[in-house]
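Reviewing the structure listed below.
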Amino acid sequence: MASSLTYFVHLESLTSTSTTIQLRSRANFLCRAPAAGCFQRGLLKFYEFDCSIGSFRVAKKKWGILLGAAITGREGKNGLQAFEMGSGGTGEDEDEGEDGELDIADDALRETIKKSKEVLAMQKGLLRQIAERRKLISSIRSDVVNTELGKTSYSDNSDSFLSGQNSSTEADDEEEYSRTNIFDRHHKKIPDEEENSVTDELLIADIIGFSRKTSLESAETVTVSPRPLKTSEPYILKVEDFEELKEEGIQGVNSERKVASNEENKSFHPLARENVMNVILAAAECAPWSKTGGLGDVSSALPKALTKRGHRVMVVAPRYENYKEAHDIGVRQRYKVNGQDMEVAYFHAYIDGVDFVFVDSPIFHNHKDDIYGGDRVDILRRMVLFCKAAVEVPWHVPCGGVCYGDGNLVFVANDWHTALLPVYLKAYYRDHGLMLYARCVLVIHNIAHQGRGPLEDFNYVDLPSNYVDLFKQFDTMGGNHFNIFAAGLKTADRVVTVSHAYSWELKTPEGGWGLHGIISEIDWKLQGIVNGIDAKDWNPEFDVYLQSDGYTNYTVETLDTGKAQCKAALQRELGLPVRDDVPIISFIGRLDHQKGVDIIGDAMPWIVSQDVQLILLGAGRHDLEDMLRRFERENHDKVRGWVGFSVKMAHRITAGADVLMMPSRFEPCGLNQLYAMMYGTVPVVHAVGGLKDTVHQFDPYKETGLGWAFERAEANMLIDALRNCLKTYRNYKSSWKGLQRRGMTQDLSWDNAAQRYEEVLVAAKYQW
Ligand SMILES: Nc1ncnc2c1ncn2[C@@H]1O[C@H](COP(=O)(O)OP(=O)(O)O[C@H]2O[C@H](CO)[C@@H](O)[C@H](O)[C@H]2O)[C@@H](O)[C@H]1O
């Protein structure tokens with residue numbers, strides 16, 4: 001007699017050498033095999049075994065944890081753990097079997113099944129609620145005249161999880177934005193039934209994960225329980241259940257992300273499909289809301305690329321000011337920071353398939369233009385609060401009505417500011433049997449900033465004293481000190497840095513800034529992945545900053561005319577002589593030691609002796625800002641030094657200039673050279689870190705390469721490279737065009753990088 005039970009099996013902790021499971025029913029097995037050799041079909045795949053009644057042999061390993069339907073196993077005589085799950089299926093034999101035989105004659109198991117049924121019933125309740133809410137929203141939308149009705153309906157607390165806000169203080173138009181936005185999300189169609197049931201099962205298991213209890217409970221009351229929930233509770237969901245749930249409207253909860261359209265489904269990469277997971281990227285800045293440099297760009301662009309691969313992705317960042325797109329979801333949590341109780345609120349926006357969650361607290365508010373400002377302890381307190389709040393976001397913040405949960409979750413922390421996240425994940429949760437399946441990947445964007453302080457700073461991070469060693473660091477620069485990056489690197493499950501060359505440089509005393517020893521020790525979990533760029537924001541074809549003031553969008557086909565027009569517009573805007581024949585050399589970046597802007601200063605006498613125009617945009621160290629102003633003052637006919645942070649000017653300079661200089665002393669990746677190449681602007685860079693990885697030296701004989709990459713961060717090297725560059729610009733027009741075309745036609749999008757990240761996330765997930 002056949003049944004359609006599906007078994008989710010996680011083979012992570014298999015240990016015995018040979019295991020036989022005898023099935024008394026026909027069953028589908030979904031096996032997640034983390035180690036090579038478990039099954040012939042390869043690594044890190046899901047496997048479906050349509051087993052006939054009889055035995056099913058698993059070589060080499062022992063059963064571990066059932067995934068998606070966690071049921072505590074029973075220890076067989078040979079060390080085998082065997083499980084069976086199902087509800088009302090056939091072939092459930094309660095007799096005690098032989099070794100390895102499936103056995104469900106267990107009270108605990110019965111209890112588990114019972115509980116699971118209850119959970120399923122609750123879920124159906126939630127779906128019914130969603131269907132009702134959707135009807136309500138439809139009626140409100142169609143009744144545009146009766147605004148009162150809309151207000152009355154939405155003043156009801158129980159709608160807040162759908163409307164995405166509950167604050168009566170928000171402006172009406174913002175409320176309408178929120179409603180419309182979420183309405184649209186919840187009305188996307190389920191695609192044709194071309195998806196196989198395996199994917200459906202995985203989606204629901206992975207998206208809702210083991211934390212469905214959180215979302216289900218919250219659905220009843222609409223406010224989310226503040227208490228930490230144990231999330232490894234058993235759950236059963238069969239294929240038929242999922243079908244039923246889909247019919248009832250589960251798409252209102254999740255499908256906008258996973259099954260939004262046939263088009264999207266077709267573009268799902270098979271690897272992501274099998275490894276689809278929940279990803280929460282936590283960062284101190286996220287463009288366009290907050291940005292001081294490349295971290296802001298990455299934390300906004302990488303999540304979108306991961307979403308495209310099928311993952312459910314959230315960005316968590318502090319709320320430094322009022323962002324019009326994000327709405328208060330009404331959830332409040334309290335965390336202690338150095339003994340002081342602090343309340344945080346959560347604001348949410350759903351944009352380009354990504355959930356953006358902003359953690360709100362008065363301590364972030366005065367730092368909109370000064371994210372890392374204040375004294376050392378101020379910053380530390382902000383980051384402690386932010387990391388404590390961020391790590392619990394998957395429990396407390398229902399996005400589209402459903403929390404992320406921690407069952408299938410990987411955090412991505414960035415730089416020292418969020419390096420406490422993996423530490424808290426371990427110290428507060430995993431060491432206490434919570435969030436057992438959550439992992440954390442830490443990304444190094446810049447090791448030069450580490451969150452250093454005296455050892456007493458340990459008191460601010462609110463950890464038991466046995467964790468102090470994680471933070472203790474001795475080096476010749478800092479002596480014996482407290483170092484947050486060090487602790488994060490030790491506790492993260494995986495570490496990524498933003499280029500291959502930088503992953504090597506980090507292990508040297510010069511490149512590791514005192515952490516090279518730790519980096520060498522954790523080499524096994526370190527990987528370099530070159531950043532991509534947001535191909536919509538930074539694309540001359542669509543760039544919104546090139547649509548006014550005489551600028552124009554252009555492509556590689558319209559490069560000659562389009563770029564010439566942008567160059568003229570830039571010269572006009574900055575009050576420089578409008579001349580097509582004079583090369584514009586540019587620099588954009590933070591004004592600090594890293595970026596080598598002082599090296600440009602050393603090269604200035606030579607630069608201004610040439611027939612060139614020079615445009616410098618930057619903010620940072622006051623002495624370097626003064627230097628820019630002085631350059632402009634002294635060479636007003638050909639130099640502009642724009643002091644400040646202007647995204648618009650960064651785009652316009654990138655489009656209008658012919659050459660971009662990056663004499664960085666070190667550069668983990670560098671984004672400006674990537675942007676420049678996309679815009680047909682030729683980079684001249686110091687061959688270090690990501691600049692070395694991405695700007696290949698021009699070879700005039702072979703007509704290959706993308707720009708000039710000089711060996712040492714010295715003025716004479718910069719001058720040599722610029723001299724050759726200008727000679728090519730003036731005398732070898734076709735070579736110049738070749739350089740521009742090669743730069744513009746590269747695939748610099750995040751797609752490739754996102755795939756590499758996904759591999760790291762998967763590796764983290766299966767790491768114990
Ligand atoms: N005055 C100004 N006005 C407007 N925009 C300005 C600006 N100054 C800088 N920017 C913008 O800020 C970003 C800087 O990106 P980078 O990657 O060069 O630098 P950063 O050193 O901050 O980032 C760190 O993280 C990133 C991301 O991983 C790494 O690429 C990098 O090597 C590492 O040092 C670019 O988008 C640039 O246009």
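Both counts, for ligands and for their atoms, begin at 1 and track the order of listing. Since the structure is predicted, the reported quantities are computational estimates derived from the model, not experimental observations.
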Ion pair [X]/[Y], N-O distance below 4.0 Å:
X      : Y      : value
Lys536 : Asp352 : yes
Glu285 : Lys291 : no
Arg633 : Asp626 : no
Arg652 : Asp549 : yes

- [ ] May I ask you to check whether over 12 heavy atoms, not counting those of Glu634, lie within 6.0 Å of atom CD?
- [x]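 Atom CD in Glu634 is crowded, with more than 12 foreign heavy atoms closer than 6.0 Å.
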
Open item on the list: If you count every heavy atom of other residues, nucleotides or ligands that lies below 6.0 Å from Lys490 atom NZ, does the total exceed 12?
Closed with: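 Enclosed: over 12 neighbouring heavy atoms sit under 6.0 Å from NZ of Lys490.
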
Using a 4.0 Å cut-off to any heavy atom of [X], which atoms of ligand 1 qualify?
X      : answer
Asn672 : 18 (O), 35 (C), 37 (C), 38 (O)
Val298 : 27 (C), 28 (O)
Arg590 : 8 (N), 20 (P), 21 (O), 22 (O), 34 (O)
Gly293 : 12 (O), 13 (C), 14 (C), 22 (O)
Gln594 : 21 (O), 34 (O)
Gly618 : 1 (N)
Asn531 : 27 (C), 28 (O), 30 (O)

- [ ] List in chain and number order the residues that pass ring pair (Phe, Tyr, Trp, His ring centres under 6.0 Å) with Phe386, two or more places apart in sequence or in another chain; answer none if no residue qualifies.
- [x]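 Once residues adjacent in sequence are excluded, Phe386 has no partner under the ring pair (Phe, Tyr, Trp, His ring centres under 6.0 Å) criterion.
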
Within the structure, does [X] bring an N/O atom to less than 3.5 angstrom of an N/O atom in ligand 1?
X      : result
Gly670 : yes
Trp538 : no
Cys669 : yes

Open item on the list: Can you tell me which portion of Pro668 lies within the under-4.0 Å heavy-atom range of ligand 1? Options are side chain, backbone, both, or neither.
Closed with: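 For Pro668, backbone and side-chain atoms both sit under 4.0 Å from ligand 1.
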
Task: Which segment of Leu671 sits under 4.0 Å of ligand 1 when only heavy atoms are counted - done: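 Within the 4.0 Å criterion, Leu671 contacts ligand 1 through backbone and side-chain atoms alike.
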
Task: Protein residue, atom and distance nearest to atom 9 (C) of ligand 1, heavy-atom basis - done: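 Of every protein heavy atom, Gly589 CA, 3.8 Å lies nearest to atom 9 (C) of ligand 1.
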
- [ ] Work out which heavy atom in Ile444 is nearest to a heavy atom in Tyr502; give both atom names and the distance.
- [x]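 Shortest heavy-atom separation between Ile444 and Tyr502 comes out as CG2-CE2, 4.2 Å.
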
